[in-house]
Amino acid sequence: MIEVTGLRNQFGSLVVHDNLDLQVRRGEILAVVGGSGSGKSVLLRSIIGLHRPSAGSVRLNGIDMLSADDSARQAVEQNIGVLFQKGALYSSLDVIENVMLPLREHSDLDERSIRDLAMSKLALVGLRTDVANTTVQSLSGGMIKRVALARALILEPQILFLDEPTAGLDPVGANAFDDLLLTIQRALGLTVFLVTHDLDSLYKVSDRIAVLAEKRVLVVDTPERVANFDEPWIQSYFQGPRGRAAQVSQQQEKEHGN
Ligand code: ADP
Ligand code: MG
């Protein structure tokens, strides 16, 4: 579904990615981890076309995004939903207007239909209808992420990109968001590209994990295999106290049939 080949990204003398390869399979949740500043967000932005790479190719659903003509690229872009770091909602618009926005821009549906579709997406992400006409400022952190997810899903994309969606949430809110993401991914058969620091999320939701280090994808494999990969940064991340705790708690959840 996503195929990144020979990607290079450079800002002045700073080389962020060099000959990076990554493939994301249809219907999987692929999590991307790596140190702060390792280039996770730049990778996401390169794939969705918000950043033009210095070299390499990005194919989405078989379409080469860097050489496709405008109409082919736009068709693919409408098949992508994105949840940015911090949600990126417009504070000048109320909740439902934020969710409606992509449909206003990309469809010629009438106002009533757009509103109905937006309401159904709010329900999908577990928000009550009375949230629709409140201001963005009145929302909790967890609700902002849900509204942003509803907006990301409004065009009914096949691929969903999320950049640190549980950052800033308390553990209960983060866990609830992970459950929601899993439910929606399964129900809609989405392919998910998830950037996260959250070790609990990693074990809970990811089918495979890609580790970004040394300007490329060092390893991409199942959580169990990646956690045992013999490399210093990976070992300190996954086998440190927090990594171990997340692994144990996920095993316990599985044993209790959850
Ligand atoms: P992270 O893995 O924390 O998401 P980023 O992908 O945001 O890291 O950034 C990777 C590196 O690229 C950082 O050193 C960042 O400062 C740099 N960088 C990102 N975007 C730009 C930009 N537009 N101009 C210059 N440097 C940038
Ligand atoms: Mg980032």
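If you're wondering where the values come from, they're calculated on a predicted model, not measured in any experiment. The analysis underlying the following values was restricted to heavy atoms, covering all of them including side chains, and did not include hydrogens, waters or symmetry mates.
Within 6.0 Å of CG on Asp110 lie more than 12 heavy atoms contributed by other residues, nucleotides or ligands. At most 12 non-hydrogen atoms from other residues, nucleotides or ligands lie less than 6.0 angstrom from CZ of Arg186. By the neighbour-count criterion of 12 heavy atoms within 6.0 Å, atom CG of Asp69 is densely surrounded, having more than that number from other residues, nucleotides or ligands.
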Could you please spell out the steps behind the side chain to side chain contact (heavy atoms under 4.5 Å, CB included) verdict for Met143 and Val131? CA-CA 9 Å; Met143 286 164 89; Val131 171; 3.7 Å; yes
Kindly determine whether Leu160 and Thr191 satisfy side chain to side chain contact (heavy atoms under 4.5 Å, CB included), including the steps that lead there. CA-CA 6 Å; Leu160 181 64; Thr191 302; over 6 Å; no
Can you check side chain to side chain contact (heavy atoms under 4.5 Å, CB included) on Val147 and Leu89, steps first, answer last? CA-CA 8 Å; Val147 173; Leu89 300 178; 3.8 Å; yes
Candidate pair Val24 and Val192, rule side chain to side chain contact (heavy atoms under 4.5 Å, CB included), full reasoning: CA-CA 8 Å; Val24 184; Val192 176; over 6 Å; no
Could you walk me through whether Gln10 and Arg8 pass side-chain hydrogen bond (donor to acceptor under 3.5 Å, both in side chains), step by step? CA-CA 7 Å; Gln10 183 165 6; Arg8 182 178 177 86; 3.0 Å; yes
Is there a salt bridge (Lys or Arg N to Asp or Glu O under 4.0 Å) between Glu164 and Lys145? Walk through the geometry before answering. CA-CA 10 Å; Glu164 312 252 10; Lys145 302 291 167 100; over 6 Å; no
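In the hydrophobic cluster analysis, where Ile, Leu, Val, Met, Phe, Trp and Tyr join through side-chain heavy atoms closer than 4.5 angstrom, Val33 is grouped together with Val226. Both Leu180 and Leu190 are members of a single hydrophobic cluster when ILVMFWY side chains are connected at heavy-atom separations under 4.5 Å. One hydrophobic cluster, built from ILVMFWY side chains closer than 4.5 Å, cannot hold both Val211 and Phe193; they sit in different ones. Val217 is connected to Leu60 through a chain of hydrophobic side-chain contacts under 4.5 Å among Ile, Leu, Val, Met, Phe, Trp and Tyr, so both are in one cluster. Following chains of ILVMFWY side-chain contacts shorter than 4.5 Å, one cannot reach Val82 starting from Leu93, and the two form parts of different hydrophobic clusters.
The two residues Leu169 and Gly142 have their closest heavy-atom pair at CD2-N, 3.4 Å. Contact detail for Ala152 and Leu83: the closest heavy-atom pair is CB-N, 4.4 Å. In terms of heavy-atom proximity, Ala176 sits nearest to Arg146 at CB-NH2, 3.6 Å. Between Pro223 and Ser206, the closest heavy-atom pair is CG-O, 3.7 Å. Nearest approach of Gly34 to Ser38, heavy atoms of both residues: C-OG, 3.4 Å. What you find for Asn98 and Val136 is that their closest heavy atoms are ND2-CG2, 3.4 Å.
Ser41 and Asp163 share a side-chain donor-acceptor pair at under 3.5 Å. Thr5 and Asp21 share no donor-acceptor pair across their side chains, judged by distance under 3.5 Å alone. Between the side chains of Asp198 and Thr166, at least one donor N or O sits under 3.5 Å from an acceptor N or O.
Note that CZ of Arg115 and CG of Leu109 are 13.5 Å apart. Values are rounded to the nearest 0.5 Å. Separation of atoms OG1 (Thr134) and CG (Leu127) is listed at 9.0 Å; rounding is to 0.5 Å. To the nearest 0.5 Å, atom CD1 of residue Ile63 and atom CG of residue Asn79 are 10.5 Å apart. One distance of note links CG of Asn228 with CG of Asp221; it measures 10.5 Å at 0.5 Å rounding. Annotation: the span from Ile209 atom CD1 to Arg225 atom CZ amounts to 12.5 Å, rounded to 0.5 Å. Atoms CG and OG, on Asn175 and Ser201 in that order, are 8.0 Å from each other to the nearest 0.5 Å.
Residues Pro165 and Leu181 are not in side-chain contact: their nearest non-hydrogen atoms beyond the backbone lie 4.5 Å or more apart. A heavy-atom distance below 4.5 Å is found between the side chains of Leu139 and Val95.
Here Asp179 pairs with Lys204 in a salt bridge; the nearest charged N to carboxylate O distance falls below 4.0 Å. Between Arg112 and Asp116 a salt bridge is recorded (basic side-chain N to carboxylate O distance below 4.0 Å). Under 4.0 Å is where a charged nitrogen must lie from a carboxylate oxygen, and between Glu97 and Arg151 no such pair does.
Counting only distance, with no hydrogens or angles, the side chain of Arg25 and the backbone of Glu28 share no donor-acceptor pair below 3.5 Å. For the pair His197 (side chain) and Ala167 (backbone), a donor-acceptor distance under 3.5 Å is absent. At distances below 3.5 Å, at least one donor-acceptor pair connects side-chain atoms of Gln235 with backbone N or O atoms of Ala227.
Of the candidates Val195, Leu162, Val32, Val195 is the only one forming a side-chain contact (heavy atoms from CB on, under 4.5 Å) with Leu44. A side chain to side chain donor-acceptor pair (under 3.5 Å) with Asn9 is found for exactly one of His51, Lys215, Arg45, Arg52, namely His51. Screening Asp18, Leu20, Leu22, Val16 for a side-chain contact (heavy atoms from CB on, under 4.5 Å) with Leu7, the sole residue that qualifies is Leu20.
Between Tyr203 and Phe238, the ring planes are perpendicular. Angles over 60° get that label, and only those under 30° would be called parallel.
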